Engineer: 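Sharing a structure, written as structure tokens. Questions coming.
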Number of protein chains: 2
Amino acid sequence: MSEASGVSEMTVSRVLRNKGDVSEATRERVREAAKALGYVPNKIAGALASSRVNLVAVVIPSFKNLVFPEVLSGISEALEDSELQPVVGLTDYLPEKEEKVLFEMLSWRPSGVIVAGLEHSEASRAMLARADCPVVEIMDTDGEPIDNCVGISHRRAGRIMGESIVEAGYRRVGFIGTKMPLDYRARKRFEGFTRALAKAGLEIADSEFYSGGSALAKGRELTQAMLSRTPDLDFIYYSNDMIGAGGLIHLLDQGIDVPGQVGLAGFNGVDLIDGLPQRLATMDACRRQIGERAARLVLARQEDPSAEAVKEELTPTLSTGETLLRT
Amino acid sequence: MSEASGVSEMTVSRVLRNKGDVSEATRERVREAAKALGYVPNKIAGALASSRVNLVAVVIPSFKNLVFPEVLSGISEALEDSELQPVVGLTDYLPEKEEKVLFEMLSWRPSGVIVAGLEHSEASRAMLARADCPVVEIMDTDGEPIDNCVGISHRRAGRIMGESIVEAGYRRVGFIGTKMPLDYRARKRFEGFTRALAKAGLEIADSEFYSGGSALAKGRELTQAMLSRTPDLDFIYYSNDMIGAGGLIHLLDQGIDVPGQVGLAGFNGVDLIDGLPQRLATMDACRRQIGERAARLVLARQEDPSAEAVKEELTPTLSTGETLLRT
DNA sequence: CTGAAAGCGCTAACAG
DNA sequence: CTGTTAGCGCTTTCAG
């Protein structure tokens, strides 16, 4: 590359990074040579020399849950006109895998780490605390962050939903959700939810926890099973919109009046549910916004390394849709 | 690190990589020191020194299309017990962005590149051709691959669906799909489809192309619009299962007999549709399998750098579900 | 505006 | 089994 353009390696480097003053003439010569050779600079060497890596590690459980693609797209958008680029690692909700992925990613010395959740293994927390880059824990604010934190309080989200259901006059409430050990945030919502009911002197009348399979199909199946087991239910709360949609489809299929006879609510506000015969009551998890804010926090710390850690709790909005009676 | 354990840097390196013989005693000492210090080796330096990077670049259009998360999970699974790790880059179906992402990723000298589609800009093709690592173009086999290729023939997939519809006796066929310029594969399916109809002396009776919005809602909307515009349609082919599901919901809502009065078919076989009141006719795109095979091709080339380029066309299976009359 | 020297943190290759 | 010596391909820093 240096020979092909007849200038020093250093000058080539300057041209390709638009750094430092270089005459327009040599500039042109270098660019031509680069194009002719199909030259792709070696970022590994560059990163080693400059100790700057324009990568942001994003560590999330899975892509199956529609939530995360949206968070990611928020992140991508916010980083769009910066130098930084997101790199994703998947944990499958497994702490050991999270540990492995974090180790792997940190060994590339990224400019920032965005990681889902506040619950990590001891080792993971240690790595994150030691990493000399900004760390942002996202999705959840119910706990002690290592550095920055952006999310919603899932406990509060569950509580608000519980309160709305009670206020709307429902009394025999069932719950259908994913198996909890896998998903702390779903569990926190469940806790907030039961607590809200308890305050009104109610208990969960029936509940069901599933794992695996098509969420929509599971929703139908489990709803059917639950209603035949506990026929006097007047409301079902689902841990996400997909199973909720399945439940809705089942009830409509059976000619059951929603929300008069049985009310329904999900969680997330995925735009999928826009197309259903009735709009499911749900609560927005602020996914996109969380991604954006998290990315901005990384950028902020880059500009000012002394910037303080921020904990930002967003407010999820409840939409009653057409499956939860209004009060 | 070297000081803390009292051995040479080299020995540390050997222990941490399980390379070369080291006595169990020093091994232990090094590991302890590493843990105590929270030492995370610098892969940048390692990669530069060894010119080995255990990363596989995966370049796909988007995560919104459910297809890609599944492909990715196939890739992850196949790489699970190798050294390699997938790193994803997004193009948003934009050639310029693909170019940028490829450049960026290639500059990290990955061990392999897996990229969606066979259509790339001149510059992208040149980069890929020059990259000194295995390249696998996935999803599509209708075209000339640069190196390896795994996918299905979308033209053929469209043709088979067209033939099945004709054989089932449908004559007034509509099409609803995404705007084509964005998606070559959808276009190829459309081409194959119209060709199959043409062979039977038929033409598309009506068609509609959308972009953006909730696929399910769009499906309902556009299906309604199309049927009121062209009431004698007896079949609608959708470019994906999500809009197809929206159409199905609309028709059932209207009390229209499916598949007697109007037949429906989608494309992809996403397991979402398992939960619908009727199983939508669809065609499996072999997403997971494509991911797996692609990853294996990268691994194969790693083991034997002289391995020849492979072009692998998988066979999508048609499932008539319950929305396409059987013959 | 351009170049030369030094070194980023590791590993290959060779010696003991 | 362990240590030493050279770089990997860039960028930083300092001289022109």
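Letters A, B, ... are given to chains in the order of the sequence lines, protein chains preceding strands, and every chain is numbered from 1. What you see is a predicted model, and the numbers here were worked out from it, not measured in a lab. These numbers come from the heavy atoms of this one structure, side chains and all, not from hydrogens, waters or symmetry mates.
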Engineer: How close or far is atom C1' of C:dC1 from atom CZ of A:R29, stated in whole angstroms?
Structural biologist: 13 Å
Engineer: Sugar-phosphate atoms are those with a prime plus P, OP1 and OP2; base atoms are the rest. Using that split, label each nucleotide of nucleotides 8-16 of chain D B, S or - for protein heavy atoms under 4.0 Å, 5' to 3'.
Structural biologist: BBBSB----
Engineer: Which residue pairs pass the side chain to side chain donor-acceptor pair (under 3.5 Å) test when at least one of the two sits in residues 127-139 of chain B, sequence neighbours left out?
Structural biologist: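 Output for this query lists B:H120-B:E137.
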Engineer: Hey, could you give me each pair passing salt bridge (charged side-chain N to carboxylate O under 4.0 Å, His left out) that has a residue in residues 35-44 of chain A? Not counting sequence neighbours.
Structural biologist: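 Output for this query lists A:K43-B:E104.
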Engineer: How many whole angstroms separate atom CH2 of A:W108 from atom P of C:dG9?
Structural biologist: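 So the two atoms are 15 Å apart, to the nearest Å.
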Engineer: Do any pairs count as a side chain to side chain donor-acceptor pair (under 3.5 Å) and have a residue in residues 76-90 of chain B, sequence neighbours left out, and if so which ones?
Structural biologist: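 The answer is B:E77-B:R288.
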Engineer: With heavy atoms under 4.0 Å as the rule, sort B:S51 into base, sugar-phosphate or nothing.
Structural biologist: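 If one applies the 4.0 Å heavy-atom cut-off, B:S51 turns out to touch nothing in the nucleic acid.
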Engineer: Take atom NZ of B:K100 as the centre, draw a 6.0 Å sphere, and report whether it contains more than 12 heavy atoms from other residues, nucleotides or ligands.
Structural biologist: no
Engineer: Suppose we screen for side chain to side chain contact (heavy atoms under 4.5 Å, CB included). Which residues come up paired with A:S121, at least two apart in sequence or across chains?
Structural biologist: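 If we apply the side chain to side chain contact (heavy atoms under 4.5 Å, CB included) test to A:S121, skipping adjacent residues, the hits are A:E99, A:A123, A:S124.
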Engineer: Determine to 10° how strongly the helix from C:dC1-D:dG16 to C:dG16-D:dC1 is bent, judged from the axes of its five-pair ends.
Structural biologist: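 Rounded to the nearest 10 degrees, the bend comes out at 30°.
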Engineer: Verify the contact: side-chain N or O of B:S8 to OP1 or OP2 of D:dT4, cut-off strictly under 4.0 Å; return yes or no.
Structural biologist: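 No, because none of the side-chain N or O atoms of B:S8 sits under 4.0 Å from OP1 or OP2 of D:dT4.
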Engineer: So, OP1 or OP2 of C:dG3: does either fall under 4.0 Å of a side-chain N or O from A:T11?
Structural biologist: yes
Engineer: Residues two or more places apart in sequence or in another chain: which of them pass side chain to side chain contact (heavy atoms under 4.5 Å, CB included) with A:A186?
Structural biologist: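 Checked A:A186 against side chain to side chain contact (heavy atoms under 4.5 Å, CB included); matches are A:T178, A:M180, A:D183, A:R189.
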Engineer: In this structure, how many angstroms lie between the C1' atom of C:dC1 and the CG atom of A:D21, rounded?
Structural biologist: 7 Å
Engineer: With sequence neighbours excluded, tell me which residues meet side-chain hydrogen bond (donor to acceptor under 3.5 Å, both in side chains) with A:D140.
Structural biologist: A:K188
Engineer: Please list, chain by chain and in numerical order, all residues satisfying side chain to side chain contact (heavy atoms under 4.5 Å, CB included) with A:E32, sequence neighbours excluded.
Structural biologist: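 So A:E32 forms a side chain to side chain contact (heavy atoms under 4.5 Å, CB included) with A:E28.
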